[in-house]
Protein chains: 2
Amino acid sequence: MEHRIERIKKQLHAESYKLTPQREATVRVLLEREEDHLSAEDIYLLVKEKAPEIGLATVYRTLELLSELKIVDKINFGDGVSRYDLRKEGAAHFHHHLVCMECGTVEEIVEDLLEDVEKKVEDQWQFQVKDHRLTFHGICRHCQQKNKESN
Amino acid sequence: MEHRIERIKKQLHAESYKLTPQREATVRVLLEREEDHLSAEDIYLLVKEKAPEIGLATVYRTLELLSELKIVDKINFGDGVSRYDLRKEGAAHFHHHLVCMECGTVEEIVEDLLEDVEKKVEDQWQFQVKDHRLTFHGICRHCQQKNKESN
DNA sequence: TGTGTTATTGATAATCATTTACACTTGATA
DNA sequence: TATCAAGTGTAAATGATTATCAATAACACA
C-alpha cells in the first residue's frame, strides 16, 4: 500500500502535480476498495469518513487527474454514472466486465482476451490500438441457477 | 426504407405499441443517418426539420422504446451523451467501434470479432452472454499518417 | 354519431451527475 | 518575509435525461 502510494506520488511529480493530502486520501480509498467500481459520490463519502472537510469537487478533480495519468480507469456501465478503478500496476489495458442483466452484479475478467483481436484490428484496419473496453451483458451463473430452480 | 419501416411497425404492434407519426419521424431520421451515432439532441433537431411540432421528450421516449425493443442500440463513448444507432437487421450484436484519441472520429467494425471470446467466456465463467460492447481507443490511420508527415 | 377509456403527446419543471467560478489557503521559491 | 502559482471548498451553474400533467388522439363499442 505505502509503496504503491509512493510510486503514484512520483508519477504525479513527474508530471508536475503534487500528491496533496486530499489527493492522497482519495487514492487510499481507491486502494482499499480496489475493483469495486465506485462512483465519484461513493468515493467522496468514503473519503469524507477520514477527512470530513474534503469537497466533492476536489474528489472529481482528483479522479479526473488520475484518469488522465492512467492511474485510474474511468468506466461506464450505461447507468448515468462514471465509475473509477485503480488500474493494476503494469496493466496496459482495461480489464473486461461481465454485467448481469438480472441482478446487476459486475464480475471482472483480468485475463487479456483480446490479444488476437487487437492484432487483427491493427492489421486489418490500420488502427493503432492504445486501449480497449469490453463489456459483456448477460446472465450470471447465480441468476442462471435461480432461474433453473424456479422453473 | 419503406420495407424497413413496415417491419418496425409490425414489431411494435407485436409488443402492443403503435408506430405513431412522431415515432415514425424519429425512425426515418435514424434510417437516413444510419451509423451516425447521433445524440438525442441531434435526432431531435433533425426530426424538427420535418415535423416542427414534435417535442424533445417524445424523442427521448421513442428512443427509449426502440432501445428496449432492440431496434436501436444506445451507445456511450464516455462523453456525457448517449448516442443511438439503428441496429442492422438480423444483427444479434453491437458492432464494434474504433475511437480515435486524436481526432475523435469513430469507425465501425461490423464483422463479429468475438465469437471465440464469447465462447470462452461462456465456458470459463459460466456467464450466459446476451450482448457485448467493444470499443478500441487509439490512433486512426489518418492521424498516424499526419503524425508521420509532421515529424 | 357520440362516448368512455387508454395511450400518447408537448411543454415544462425537476433531478442528478458533473463542472465551473470564485475567494481563500497552502506551500514552494526568490 | 513577500510573492506567486497551484490547489481547495463552497456554492452556483450546467447539461443530459426523466417525471409531471393537462391536453389530445386513437380506438372500441353503444
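Protein chains get the first letters and strands the later ones, always in sequence-line order, with residue 1 at the start of each.
- Going from atom CD of B/E15 over to atom C1' of C/dT8 covers 18 Å, rounded to whole Å.
- As judged by a 4.0 angstrom heavy-atom cut-off over every strand, A/E53 is placed among residues touching the sugar-phosphate backbone only.
- Ranking C/dA21, D/dG7, D/dT17 by closeness to the A/R61 side chain, first place goes to C/dA21.
- Following rounding to the nearest Å, B/K48 (NZ) and C/dA11 (P) show an atom-to-atom distance of 6 Å.
- Of the charged side-chain nitrogens involved, at least one lies within less than 4.0 Å of a carboxylate oxygen, so that B/E32 and B/K50 count as a salt-bridged pair.
- Rounded to whole Å, atom C1' of D/dG15 lies 14 Å from atom CG of B/D42.
- At a cut-off of 3.5 Å, with distance as the only test, a side-chain donor of A/R133 or B/H137 sits close to an acceptor on the other residue.
- For the OP1/OP2 pair of D/dT18 and a distance below 4.0 Å, the side-chain nitrogens and oxygens of B/Y60 include no atom meeting the criterion.
- Whole-Å rounding puts the B/E64 CD to C/dA7 C1' distance at 17 Å.
- Note on A/L56: a base of the nucleic acid sits closer than 4.0 angstrom, heavy atoms only.
- Remark: A/E2 engages A/R28 in a salt bridge, criterion side-chain N to carboxylate O under 4.0 Å.
- In the model, A/H37 has a side-chain atom that pairs as donor or acceptor with a side-chain atom of A/E108 under 3.5 Å.
- Contact annotation: A/T58 does not reach the phosphate of D/dG7 (side-chain N/O to OP1 or OP2, under 4.0 Å).
- As rounded to whole Å, 7 Å separates atom C1' of C/dT8 from atom CZ of B/R23.
- Residue A/E41 contributes atom CD, which lies 14 Å from atom P of C/dT19 at whole-angstrom precision.
- Phosphate proximity of C/dT9 to B/T20: present, with a side-chain N or O under 4.0 Å from OP1 or OP2.
- Between B/R141 and B/E107 there is a salt bridge, with a side-chain nitrogen of the basic residue lying less than 4.0 Å from a carboxylate oxygen of the acidic one.
- Nucleotides of DNA chain C nearest to A/S82 and B/P21 differ in position, and the one nearer the 5' end is that of B/P21.
- No contact: B/S39 has no heavy atom under 4.0 Å from any strand.
- For A/D79 and D/dA16, the CG to P distance is 18 Å, given to the nearest whole Å.
- Residue B/K18 has its side chain nearest to D/dC27 when only D/dT10, D/dC27, C/dT12 are considered.
- For B/Q22 and D/dA25, the shortest distance from a side-chain N or O to OP1 or OP2 is not below 4.0 Å.
- When the nucleotides C/dT18, D/dG9, C/dT8 are ranked by their closest atom to the side chain of A/I54, D/dG9 comes out on top.
- One can place CG of B/L12 at 16 Å from P of D/dA26, the figure rounded to the nearest angstrom.
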